[in-house]
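For reference, positions follow the sequence shown, starting with 1. Start at 1 and go down the list; that is how both ligands and their atoms are numbered. Just so you know, these numbers use all the heavy atoms, side chains as well, and skip hydrogens, waters and symmetry mates.
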Amino acid sequence: MVKLGVNIDHIATVRQARQGREPDPVWAAVEAELGGADLITVHLREDRRHIQDRDVTVLRQTTGVPLNLEMAAVREIIGIALKLKPAMVTLVPEKRAEVTTEGGLDVCSRQTMLAEMAKKMHGAGIRVSAFIDADVRQVEAAKAVGFDLCELHTGPYALATGAGFVQLQHERLRLAGEEILNLGMQFNAGHGLNYRNVGAIAALPHVNELHIGHAIVSRALFIGLRAAVREMKLAIAESVR
Ligand code: PXP
């Protein structure tokens, strides 16, 4: 069964709109778990625009499923991750002005630094994932630096219009996924997935985890987070049946 990692950053975004205490991402994690989330994901950004240091500390102590910390490969956040010891970290590129993560991490151009960082994470018992574009060169670089998993960026697929272009993006994901598996890493995917487009991605051979945030939190506004997660689990289950 394909696993679902639920990204709860948007809950913290609403809280930060008033700089207050609610809604609390820690409560959101409980609701997501009750809906069937297999992992909880949060992105501790350098600018702390949504998730705060307190959130990751409390989530680490309270989540009943593995915690996936999304992060930039920068000294401050690496230090926090090494102390926090989440089950896994997912390295993403981070730009101050972006609305959400744009594009995958360029592993090829930072191999020495990323290899050192992966070694430190492994020393702390943390698995390392890279959020990368569906590009075989990036997959090979991820293997070379010692990463355990790759999360393929499904944004271009999600945004594609026209059957031919959608098919092209899907094929790129399939080929890059095949290479991840050939090289002995775990194949994850995410970004821009929703209740309508998740099926074709969940049906990719041997995809292990899908990481989804925006669509689930949007649906949760109308039916609650627990039910929204449950619906996504169903959408995934139906696609692979
Ligand atoms: N995976 C990664 C690496 C991300 O940065 C994000 C967005 O925070 C997601 C998955 C989830 O994307 P979405 O919110 O579009 O579902």
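- Closest heavy-atom approach to atom 6 (C) of ligand 1 within the set Met71, His191, His214: this belongs to His191.
- Annotation: Arg172, atom CZ; neighbour count of heavy atoms from other residues, nucleotides and ligands within 6.0 Å does not exceed 12.
- The Ile212 neighbourhood of ligand 1 comprises atoms 16 (O), with distances under 4.0 Å to a heavy atom of that residue.
- Residue Asn7 approaches ligand 1 through these ligand atoms, each under 4.0 Å from one of its heavy atoms: 8 (O).
- At the shortest separation from atom 16 (O) of ligand 1 among protein heavy atoms lies Gly213 N, 2.8 Å.
- Rounded to the nearest 0.5 Å, atoms CD1 (Ile212) and CG (Asn197) are 8.0 Å apart.
- Ligand 1 lies less than 4.0 angstrom from a heavy atom belonging to Glu70.
- Residue contact annotation: Gly192 has a non-hydrogen atom under 4.0 Å from ligand 1.
- Aromatic ring centroids of His10 and His214 lie under 6.0 Å apart.
- Remark: ligand 1 and Glu151 share an N or O pair separated by less than 3.5 Å (distance only, no angle test).
- Close contacts between ligand 1 and Val92 involve ligand atoms 3 (C) [criterion: under 4.0 Å to a heavy atom].
- Atoms of ligand 1 lying under 4.0 Å from any heavy atom of His211, numbered from 1 in the order shown and given with element: 10 (C), 11 (C).
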